[in-house]
Amino acid sequence: MTEQNILQLRDLAEAGQVQFKERIVSKDDKYEIGCEMVAFSNSRGGRLIIGINDKSGEINALSYKELQETTNLLTNIASENVIPNVLIEVENTPVTGGAVVIATVPEGKNKPYHDNKGVIWVKNGADKRKVFDNSELAEMMSECGNFDPDEAAVPGATLDDLDADTIKLYLMSRFAPVFKGKHIDELNMKDYSLDQMAEFVITGTTIERLLKNLRFIRPDGKLTVAAMLLFGKYTQRWLPVMTAKCISFLGNSVGGTQFRDKMHDMEIEGNILHQFRTIMNFFTRNLRKVQVEKEFNSLGQLEIPYESLIEYTVNALVHRSLSIKAPIRIFIFDNRVEIHSPGALPNGLTVEDIKNGTSMPRNMFLFTNANYLLPYTGAGSGVRRALEYDPNAIFSNGVDQREITHSSNEFVITIPRNVDQVTNQGNLVPDTLTSEQVTNQPENNSNQPQDNLVTRKLTKKEQDIRNFCSVPRTAQEIMDRLGITNQSKNRKKYITSLIEIAVLERTIPDNPNDPNQKYRRKQ
């Protein structure tokens, strides 16, 4: 590094990866330098420049003797005041009147680091802060490979807490040639038990042994977090924050109290496949369709390309931090859509990296298995492909974006909407409506004539049934979901009525009364 480089860094003042210190003299100075090294090691690394006053920016060059003493002192601090110790690179750079010492501290590979008093520090802009939150510690350990949250145990959960149909869909996708050769598909998979399907994959095995082989069951016999996220019947019973909050606001403020649509927590409950389908349904019912062809009867296209929304939703579900206790948040405003994913980009990735197709998954085990249920390739092309469909999306990565007002530990995708287009198509609710009028619309009476789905809004219970049936369900399962008895009047009200408007369909359409009959979502 040259004197000109030093002056350029000095003129930029202290930042997140550069700290100045005029001299290291007292015991307090040594401790402070150790804390800075800890913070750099726990964050993205940085430089300490000794010989510049951190208040005035004035260069006060070190003498030859001071250079020798400071170089040795920095090395000792790195080995004694940082635990576990770190290897730093020390460089002396000539400046007018002497030289300054530059200590380069790399990002640590054995996080979390702490000082000799046991305090864990991380960078917080130009300053640093202490860490007390266990979830933040887990995130550090995950980044450097010391902890894999997707392979952690879910205490108390058993195979009975997993959804058999979702497991079957996964197996048929992962071992497609096997099941294709057996002529087994989504329609007739009900005819086979999980143990039978496991037998097709490996002769003489059971589903429990197969899931152990695939690492969904740990050696201690406990289900992993990944197994619960991918296959859970009621995932949120075990992992309550692994969910999403979806709100369509009236206006452009997250502090608004008027909503066009606010998804009930019950709607999103379920595994990742169910959450994906539910979120995509939320987009399609709250975003406008735009007429792009001249023919009056031609199908419209979603105002934000559907393919982009798929990529962004999959990324949020698969790459979110599993250590941070916060849900995915999806907000639709009049002028934009925001997708908030807990956790800033991992492993030092930048926004430019992901735009260029760099793929460094946070949850590697979940990532490598979710692609058998969700539509993505895992080749790092998702964001690039989404930007080809819609190049106007804006990415904000935690504290790297100083102008943002949202949480500093989340990744946010903002997609602009065409306000004039939205207004012209009547998506805006008149300002005279109250929040109660907007959010608490009366449910449709089941005795009213059944209209086509595109001409009436489903009740919250009907929406929940549709989402619940993302995988085939029996009538008893649907009634249990609603908490009502399995009687003919209830089946007619909540199942037959949805079949009539093409929301649900029978898995055995030719024999409606078949004892093995199930119902699945049609659209």
Side-chain angles (χ1 to χ4, degrees), residues 150 162-163 165-174 186 225-236 238-248 261 263-287 302 304-322 326-332 337-343 361-363 365-378 381-383 385-386 389 411 413 415 463-473 503-504 520-523:
D150 49 355
L162 303 184
D163 182 75
D165 287 338
T166 308
I167 296 175
K168 291 178 181 179
L169 291 175
Y170 168 85
L171 293 177
M172 287 191 297
S173 175
R174 178 159 186 174
E186 189 177 342
V225 168
M228 187 57 66
L229 286 172
L230 291 171
F231 311 130
K233 288 180 184 175
Y234 305 107
T235 300
Q236 287 65 39
W238 307 96
L239 307 170
V241 298
M242 299 304 160
T243 184
K245 303 290 184 182
C246 301
I247 304 174
S248 178
D261 191 0
M263 185 179 292
H264 193 280
D265 289 345
M266 184 183 294
E267 291 184 65
I268 199 71
E269 288 180 359
N271 54 47
I272 279 184
L273 176 61
H274 171 78
Q275 290 184 45
F276 169 75
R277 289 171 171 171
T278 305
I279 291 171
M280 295 309 299
N281 177 61
F282 176 78
F283 281 132
T284 55
R285 75 174 184 246
N286 284 287
L287 297 176
L302 216 57
I304 296 174
Y306 191 75
E307 294 81 1
S308 293
L309 293 172
I310 287 176
E311 296 292 348
Y312 296 144
T313 300
V314 166
N315 273 315
L317 290 169
V318 175
H319 297 301
R320 61 152 293 163
S321 168
L322 301 180
I328 293 167
R329 296 183 295 157
I330 294 175
F331 300 144
I332 296 179
V337 171
E338 291 182 358
I339 301 174
H340 296 242
S341 181
R362 172 186 275 114
N363 310 307
F365 184 64
L366 178 65
F367 169 78
T368 55
N369 285 281
N371 69 328
Y372 296 109
L373 291 172
L374 300 181
Y376 71 94
T377 64
S381 59
V383 170
R385 186 164 50 250
Y389 289 113
F411 183 73
I413 301 173
I415 311 166
Q463 292 170 5
D464 182 54
I465 294 170
R466 174 181 58 184
N467 295 329
F468 184 61
C469 292
S470 294
V471 294
R473 308 286 187 179
V503 173
L504 298 182
R520 65 182 167 209
R521 175 177 171 169
K522 187 172 183 180
Q523 54 172 285

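Given the structure is predicted, the values throughout are model-derived calculations rather than measurements.
Between Q275 and A244, the closest heavy-atom pair is OE1-N, 4.4 Å. Looking at every heavy atom in both residues, L373 comes nearest to F231 through CD1-CE2, 4.2 Å. Here the closest non-hydrogen pair linking R521 and T278 is NH1-N, 4.5 Å. Heavy atoms only, all atoms of each residue included: I279 and I268 are closest at CG1-CD1, 3.9 Å. The heavy-atom pair separating M242 from Q236 by the smallest distance is O-NE2, 2.8 Å. P375 approaches I310 most closely through the heavy-atom pair CG-CG2, 3.7 Å.
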For D265 and T243, run side-chain contact (heavy atoms from CB on, under 4.5 Å): C-alpha distance rounded to whole Å, both residues' side-chain angles, the deciding distance at 0.1 Å, then the answer. CA-CA 8 Å; D265 289 345; T243 184; 6.0 Å; no

Would you sort out whether R174 and N369 count as a side-chain hydrogen bond (donor to acceptor under 3.5 Å, both in side chains), showing the intermediate values? CA-CA 9 Å; R174 178 159 186 174; N369 285 281; 3.0 Å; yes

Verify side-chain contact (heavy atoms from CB on, under 4.5 Å) between Q463 and H264, making sure each step is shown before the conclusion. CA-CA 10 Å; Q463 292 170 5; H264 193 280; over 6 Å; no

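Contact check for Y312 versus I415: side-chain heavy atoms found under the 4.5 Å cut-off. L322 places a side-chain heavy atom less than 4.5 Å from the side chain of L229. The shortest side-chain heavy-atom distance between N315 and I339 does not fall under the 4.5 Å cut-off. Taking the side chain as every heavy atom from C-beta outward, I332 and F282 approach each other to under 4.5 Å. In this structure the side chain of Y306 reaches within 4.5 angstrom of the side chain of T284, judged on heavy atoms. Here the side chains of L230 and T166 are not in contact, with every heavy-atom distance at 4.5 Å or above. At a threshold of 4.5 Å between non-hydrogen side-chain atoms, the residues V337 and F283 count as touching.
In this structure, R362 contributes its side chain and H319 its backbone to a donor-acceptor pair below 3.5 Å. A donor-acceptor pair is defined here as one N or O able to donate and one able to accept, closer than 3.5 Å; such a pair exists between the side chain of S173 and the backbone of Y372. Checking side-chain atoms of N271 against main-chain N and O of G232 turns up a donor-acceptor pair under 3.5 Å. Between the side chain of D261 and the backbone N or O of S248 there is no donor-acceptor pair closer than 3.5 Å. Of the possible donor and acceptor atoms, one in the side chain of N363 sits under 3.5 Å from a partner among the backbone N and O of V318.
Here the straight-line distance linking atom CD1 of I328 with atom CG of L317 works out to 4.5 Å at 0.5 Å rounding. For the atom pair CZ of F331 and SG of C246, the computed distance is 9.0 Å after rounding to the nearest 0.5 Å. Considering CD of E267 and CG of N281, their distance stands at 8.0 Å, rounded to 0.5 Å. Atom CG of L302 sits about 10.0 Å away from atom CG of N286, to the nearest 0.5 Å. Rounded to the nearest 0.5 angstrom, R385 CZ and E307 CD are separated by 10.0 Å. Considering CD1 of I413 and CD of E338, their distance stands at 11.0 Å, rounded to 0.5 Å.
When each of K233, K168, R473 is paired with D163, the side chain to side chain donor-acceptor pair (under 3.5 Å) condition holds for R473 and for no other.
More than 12 heavy-atom neighbours from other residues, nucleotides or ligands sit within 6.0 angstrom of CE on M280.
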